[in-house]
Amino acid sequence: MINSKELIHVENLDKSFGDLKVLKNITETIHEGEVVSIIGPSGSGKSTFLRCLNLLEKPNSGRVLFKGIDLADKKINVDRHRQKIGMVFQLFNVFPHLTVLENITLAPTLERKIPKKLAETQAVELLNRVGLLDKKDEYPTKLSGGQKQRLAIVRALAMEPDVILFDEPTSALDPEMVKEVLDVIKALVESGMTIVIVTHEMGFAKEVSDRVLFMADGEIVEQGSPNELFNNPKNPRTIEFLSKVL
Amino acid sequence: MIDTILQLWAKYDYVYINGLVGTLWLAAITVLFATVIGTVIAIMKLSKIWIFDKITSLYIGILRGTPILLQLYFFWLLLPKVSVFDLSDTACIVIALIINASAYVAEVIRAGIQAVDKGQTEAAKSLGLSNTNMMRKIILPQAVKNILPALGNEYITMVKQTSLASVFFVQELMTSYRTVQSATFLAIPSLIIVGIIYLLLTTVLTKGLSIFERRLQRND
């Protein structure tokens with residue numbers, strides 16, 4: 001892991017909403033092929049940090065480098081680079097006016113100029129992988145939460161991203177649907193995808209992560225391998241948090 | 001009373017029919033141009049370009065914050081003075097009606113676009129969609145469902161507001177009322193006739209809109 005290439009590098013990141021400082025001078029690197037979980041109490045800035053990685057939130061200061069390119073640089077086309085940074089949201093955000101298949105093919109045909117037929121073949125393959133092939137002509141209103149989230153994941157995959165950011169992907173799901181979504185993410189981990197995931201599923205974070213970051217009050221307070229962080233936390237805040245959730 | 005109304009209709013039906021034609025024409029032109037101009041204003045307002053935002057906010061603020069009758073007088077007096085063309089009273093009033101309605105249309109469209117869930121924008125951006133594609137393929141198709149019903153109500157209001165043109169003797173239904181009233185001194189029967197025509201008109205429009213709305217919702 002240490003020798004692999006830097007994919008995302010964040011430098012001195014600051015973010016405020018009004019007077020509220022949400023992120024305080026964060027510097028962090030995500031390497032190619034790495035699976036990084038971000039945990040911490042709510043309001044600690046986890047989601048904001050994740051959303052800064054593809055510039056859905058604009059940092060007040062600091063830099064976000066994706067493959068060495070500063071995403072905030074006005075001279076670059078940020079849309080181009082976002083195509084290579086997939087994102088999966090807590091509330092799925094599937095497109096309700098498009099069918100399941102169209103949800104997946106829209107971005108590749110529009111932005112990667114992939115011929116419609118080829119995009120559809122690829123979409124069918126992806127749907128098959130997550131067990132949604134029989135739903136391909138349905139509209140998302142007909143899907144359960146777990147199915148919507150699986151759709152959202154393959155929609156991101158269709159752009160063939162270098163990394164996928166997961167923002168609490170199971171927090172809005174009914175308990176019986178959490179597993180089906182986690183299984184899909186697990187399969188992605190096994191395929192070698194680079195993943196950054198904000199999650200409250202401690203068991204999952206422990207199982208799949210190469211590295212776990214613990215955030216509190218807008219800072220990465222402690223980080224390490226799942227074993228170090230969960231079994232031998234050093235910072236009092238980490239200890240306090242883990243004692244509450246584990 | 002009913003006899004008087006029927007007699008009045010028998011004798012002056014052509015005046016009312018001409019008035020109805022005038023009203024329909026005024027309403028159609030107003031709806032058409034107000035929709036086009038209103039859309040442009042809404043897009044300017046949403047563009048996040050500072051100067052566009054300020055100008056359109058002022059435009060909408062003034063037009064929605066002052067009486068429409070005042071605006072009609074204003075343009076009726078002002079336009080002939082500043083225009084290089086020879087503008088008829090009717091043209092001035094039509095322009096004023098369009099400008100007034102465009103502000104309301106702009107607000108309806110802006111609200112409809114902003115009502116689309118923010119998550120949709122974020123998902124589109126995260127996929128790397130350009131702003132144009134995001135608007136065209138994600139936001140507008142969903143906004144249309146918010147906009148059309150509200151816009152329909154706005155159109156019905158516009159139909160009724162064309163009656164203000166009678167103040168300037170532009171040919172339309174309320175002017176027909178005034179014409180017949182001054183020829184016969186029968187005010188209330190003439191008002192009832194015009195009222196019934198307006199009611200028929202708005203009822204047909206309302207029915208049409210609700211059928212249309214149901215169609216839209218069927219695709220949800």
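Just so we're on the same page: letters track the sequence lines, and every chain starts at 1. What you see is a predicted model; the values in this text were computed from it and never measured.
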### Task
Check the side chains of B/Tyr177 and B/Ser163 for a donor-acceptor pair under 3.5 angstrom, ignoring hydrogens and angles.
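There is no such pair between these side chains.
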### Flag if over 12 foreign heavy atoms under 6.0 Å of CZ, B/Phe168
yes
### Task
Check the surroundings of atom CG in A/Asp134: do more than 12 heavy atoms from other residues, nucleotides or ligands lie under 6.0 Å from it?
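Enclosed: over 12 neighbouring heavy atoms sit under 6.0 Å from CG of A/Asp134.
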### Task
Could you look at A/Leu91 and say if it's the side chain, the backbone, both or neither that has a heavy atom under 4.5 Å from chain B?
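For A/Leu91, there is no contact with chain B at all, as no heavy atom is under 4.5 Å.
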### Contacting region of A/Phe95 [heavy-atom separation from chain B under 4.5 Å]
both
Just give me the residue among [options] that pairs up with chain B most often, heavy atom to heavy atom, under 4.5 Å.
| options | value |
| --- | --- |
| A/Gln83, A/Met159, A/His97 | A/His97 |
| A/Val94, A/Val78, A/Asn54, A/Leu165 | A/Val94 |
| A/Glu111, A/Met87, A/Arg155, A/Arg112 | A/Glu111 |

### Message
Would you say that A/Val208 contacts A/Lys186 through its side chain, given a criterion of any heavy-atom pair below 4.5 Å between the two side chains?
### Response
yes
### Task
Fit a plane to each ring of B/Trp9 and B/Tyr16, take the angle between them on a 0 to 90° scale, and name the class: parallel (under 30°), tilted (30 to 60°) or perpendicular (over 60°).
parallel
